[in-house]
Amino acid sequence: MSATENLHLVEAILAAEGKRRGLKWAIGVAPFDAVYGTLLPVQKTRLSEIASGSIEHMMREGSVISIAYAYPPYAIEAIAQGREKAWDMERWNVYARAYMRLNKALNETSALIAKELGGIAIPATVEGLSSQVSHVEQYYAQRVSHRVAAELSGVGWRGKNELIVNPRFGCAIRLASILTTVTIMRTPSSKQGCGECRACFDACRFLNNKGKLDNYREQCRRYLVYLNLEDEVCGKCIKACLKESLYAGQFNL
Ligand code: SF4
Ligand code: SF4
């Protein structure tokens, strides 16, 4: 099949799986060597392990397919209802459950696409890691960032909150990746950016102090553990991006 036909095949799988699950989706395709070259050194090692025997072939001809499912609107609404220190945690757990549901959907869909193309699926996330490590940097080596492939393939731009901001869904998405050596059409990176927007900074004191902290992600990790929801999530910066950002009018879940 041609590169275009293979992209259409993957889009058709994603469309069918998304419809079956009632989830909206997005897709992009980036060159494997560009993704590899952008990752942190420890993540390069992890990606090499995942690609294992096919790393040289991947470097020459491979692609990384980035897939996303968007959260349903009710899940984002459920984030941080009430007041600081008196949050409605039961409501917030609606978001935590949607997070788990999206991870499961992505894991199953990426496995299906990998099977169809003879590729390798990289699942959405390793759940429960935040409380298992004593510093956020310990899990960089355990997971490959899906955001690099998503950014390079135009699923979205890299937001000031470090999440991928999709032009349609904001950062209310979850990601998974598929490695393949099949010829498939690549998609360009996004030209859009956050510009003057600071809505996520206004929603989170750690992001707001990002420049002064050693690694704000560590404060974020501790906050997720502190919240003690049904999964290790927060989502306040995601909600702020969707509803309060300069681009709120452009986003539509
Ligand atoms: S997830 Fe929560 S704590 Fe972490 S950066 Fe976003 S708003 Fe801040
Ligand atoms: S809230 Fe604004 S600054 Fe933050 S990621 Fe979204 S668009 Fe970018």
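In each ligand, atom 1 is the first atom listed, and ligand 1 is the first ligand listed. FYI, side chains are in, hydrogens and waters are out, and symmetry mates aren't considered; it's all heavy atoms of this structure.
Counting heavy atoms under 4.0 Å from ligand 2, residue Tyr247 touches it through the side chain alone.
The set of protein atoms (N, O or S) found at less than 2.8 Å from atom 6 (Fe) of ligand 1 reads Cys237 SG, by chain and number.
Within ligand 2, counting atoms from 1 as listed, the ones closer than 4.0 Å to a heavy atom of Ser245 are 1 (S), 2 (Fe). Near Gly159, meaning under 4.0 Å from any of its heavy atoms, are these atoms of ligand 2: 5 (S). Applying the 4.0 Å criterion to heavy atoms of Tyr223 picks out, from ligand 1, the atoms 3 (S). Under a 4.0 Å criterion applied to the non-hydrogen atoms of Lys160, ligand 2 contributes the atoms 3 (S), 5 (S), 8 (Fe). With ligand atoms numbered from 1 in the order given, ligand 2 contributes 1 (S) to contacts under 4.0 Å with heavy atoms of Ala199.
Regarding atom 8 (Fe) of ligand 2, its nearest protein heavy-atom neighbour is Cys194 SG, 2.2 Å. The closest protein non-hydrogen atom to atom 2 (Fe) of ligand 2 is Cys197 SG, 2.3 Å.
Under the side chain to side chain contact (heavy atoms under 4.5 Å, CB included) rule, Thr180 has a single partner from Val64, Asn6, Ile65, Ile113, which is Ile65.
Judged purely by distance below 3.5 Å, without hydrogens or angles, the side chains of Arg174 and Asn103 pair a donor atom with an acceptor atom. Donor-acceptor pairing under 3.5 Å is lacking for the side chains of Arg186 and Ser153.
In summary, Arg21 and Glu108 engage in a salt bridge, as defined by a charged side-chain N under 4.0 Å from a carboxylate O. Salt bridge annotation for Arg97-Glu90: present, with a cationic side-chain nitrogen under 4.0 angstrom from a carboxylate oxygen. A salt bridge links Lys243 with Glu77: at least one charged nitrogen is closer than 4.0 Å to a carboxylate oxygen. Glu162 has a carboxylate O that lies under 4.0 Å from a charged side-chain N of Lys210, or vice versa, which qualifies the two as a salt bridge.
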Handout entry: Chi angles and distances behind the side-chain hydrogen bond (donor to acceptor under 3.5 Å, both in side chains) call for Tyr223, Lys236
Key = CA-CA 11 Å; Tyr223 188 66; Lys236 287 192 284 179; 3.1 Å; yes

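Minimum heavy-atom separation, Leu14 to Ile67: CD2-CG2, 3.8 Å.
At least one N/O/S atom of Cys241, from backbone or side chain, sits under 2.8 Å from atom 6 (Fe) of ligand 2.
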